[in-house]
Amino acid sequence: MSNCKIPKHVAIIMDGNGRWAKRKGLPRSAGHVQGGKVVEQILEDARDLGIRYLTVYAFSTENWSRPQDEVKALMKLLREYMRTSIKKCMKNNVRTRVIGDRTKLDKDIIEAIEKLEDATKENTGVQFTIAINYGARDEIRRAVEAIAGEVAAKELAASEVTEEVINDHLDTRELPDPDLLIRTCGEQRISNFLLWQCAYTEFYYTDKAWPDFDKAELQKALDAYADRDRRYGKV
Ligand code: FPP
């Protein structure tokens with residue numbers, strides 16, 4: 001019975017890397033490096049706790065306006081992650097997808113993403129999604145553009161644009177909506193993350209910075225989720 005209270009899909013806004021680093025007298029990039037390590041650990045913890053889908057917000061469309069050396073450090077980290085995680089994903093049966101507008105990323109990162117997605121596409125364990133150059137408004141805009149193109153080409157009538165059609169044009173079309181959204185480090189905003197998909201999602205906030213997030217914290221979020229009444233026709 002308790003299984004039905006475990007969220008199938010958990011999404012995370014990993015906030016506080018910079019503040020964590022500052023508290024330790026380290027450069028912001030050191031916070032991101034530690035944050036990357038926590039991502040890897042949480043992926044294993046998610047599996048142990050029975051979570052089927054895990055989605056993390058790694059780089060937003062707004063993050064380009066950060067100082068160039070920080071953007072560079074984040075891209076380096078993501079590039080390395082794409083290249084080095086294939087082995088671990090295969091070992092742990094993890095399927096990795098990337099959402100967001102990847103066309104704006106460096107060519108070698110796009111290739112590394114494609115390679116990782118392709119290598120892991122048959123894996124049936126945790127379905128891991130990384131949002132890179134992702135913004136929900138941008139995602140919806142791209143979906144509308146694609147649908148408008150289909151309507152203009154008379155492949156679809158305007159009256160046939162249902163919620164399902166919109167859903168099928170989002171980056172997340174292969175994923176169920178998140179049941180639980182976690183945001184770390186005290187802020188309580190959604191920050192342009194999965195706006196369409198979070199229509200019925202439960203939110204959980206913690207003061208812990210992302211580099212300090214661990215399995216016990218994840219368990220706390222799951223406990224809070226299990227305590228809440230599930231409405232809107234869901235369990
Ligand atoms: C927010 O902290 C965090 C980010 C903008 C980047 C998140 C990236 C990672 C955790 C590492 C890479 C991920 C993977 C998948 C390997 P912040 O810098 O806004 O912190 P602050 O609010 O304290 O300044």
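The figures here come from the full heavy-atom set of this structure, side chains too, leaving out hydrogens, waters and symmetry mates. Just so you know, ligand 1 is whichever comes first in the structure, and atom 1 is the first atom listed for that ligand.
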Does Arg66 reach ligand 1, in the sense of a heavy atom lying below 4.0 Å from it? yes
When you look for heavy atoms under 4.0 Å from ligand 1, do you find them on the side chain of Val38, its backbone, both, or neither? neither
Could an N or O of ligand 1 be found under 3.5 Å from any N or O of Trp20, whether backbone or side chain? no
Is the shortest N/O to N/O distance between Gly18 and ligand 1 below 3.5 Å? yes
Side-chain donor/acceptor of Gln127 to backbone N/O of Asn123, under 3.5 Å: yes
Determine, considering heavy atoms only, which of Ser29, Gly36, Ala58 sits nearest to atom 7 (C) of ligand 1. Ala58
Out of curiosity, Tyr225 OH to Leu181 CG, how far, rounded to the nearest 0.5 Å? 12.5 Å
Just heavy atoms, cut-off under 4.0 Å: does Arg28 contact ligand 1 by side chain, backbone, both, or neither? side chain
What I want to check is whether the side chains of Trp210 and Asp15 have a donor and an acceptor closer together than 3.5 Å. no
We want to know whether Thr61 and Asp101 form a side-chain donor-acceptor pair, criterion being a heavy-atom distance below 3.5 angstrom. no
Using atom types as modelled and distance alone, determine if a side-chain donor or acceptor of His9 lies under 3.5 Å from a backbone N or O of Asp179. no
So is there a nitrogen or oxygen of Tyr57 less than 3.5 Å from a nitrogen or oxygen in ligand 1? no
Could you check which of Met82, Met14, Lys22, Arg19 puts a non-hydrogen atom nearest to atom 23 (O) of ligand 1? Arg19
Looking just at side-chain N and O atoms, do Thr96 and Glu117 make a donor-acceptor pair shorter than 3.5 Å? no
Test item: Met82 and Glu111 side chains (from C-beta on) under 4.5 Å apart, heavy atoms: no
Check: of Ile130, Asn63, Ile132, min heavy-atom distance to atom 15 (C) of ligand 1 comes from Ile130
Would you check the N or O atoms of Gly16, main chain and side chain alike, for any that come under 3.5 Å of an N or O of ligand 1? yes
Mind checking whether Asn17 contacts ligand 1 via backbone (N, CA, C, O), side chain (CB onward), both or neither, at a 4.0 Å heavy-atom cut-off? both
Are more than 12 heavy atoms from other residues, nucleotides or ligands located less than 6.0 Å from atom NZ of Lys22? no
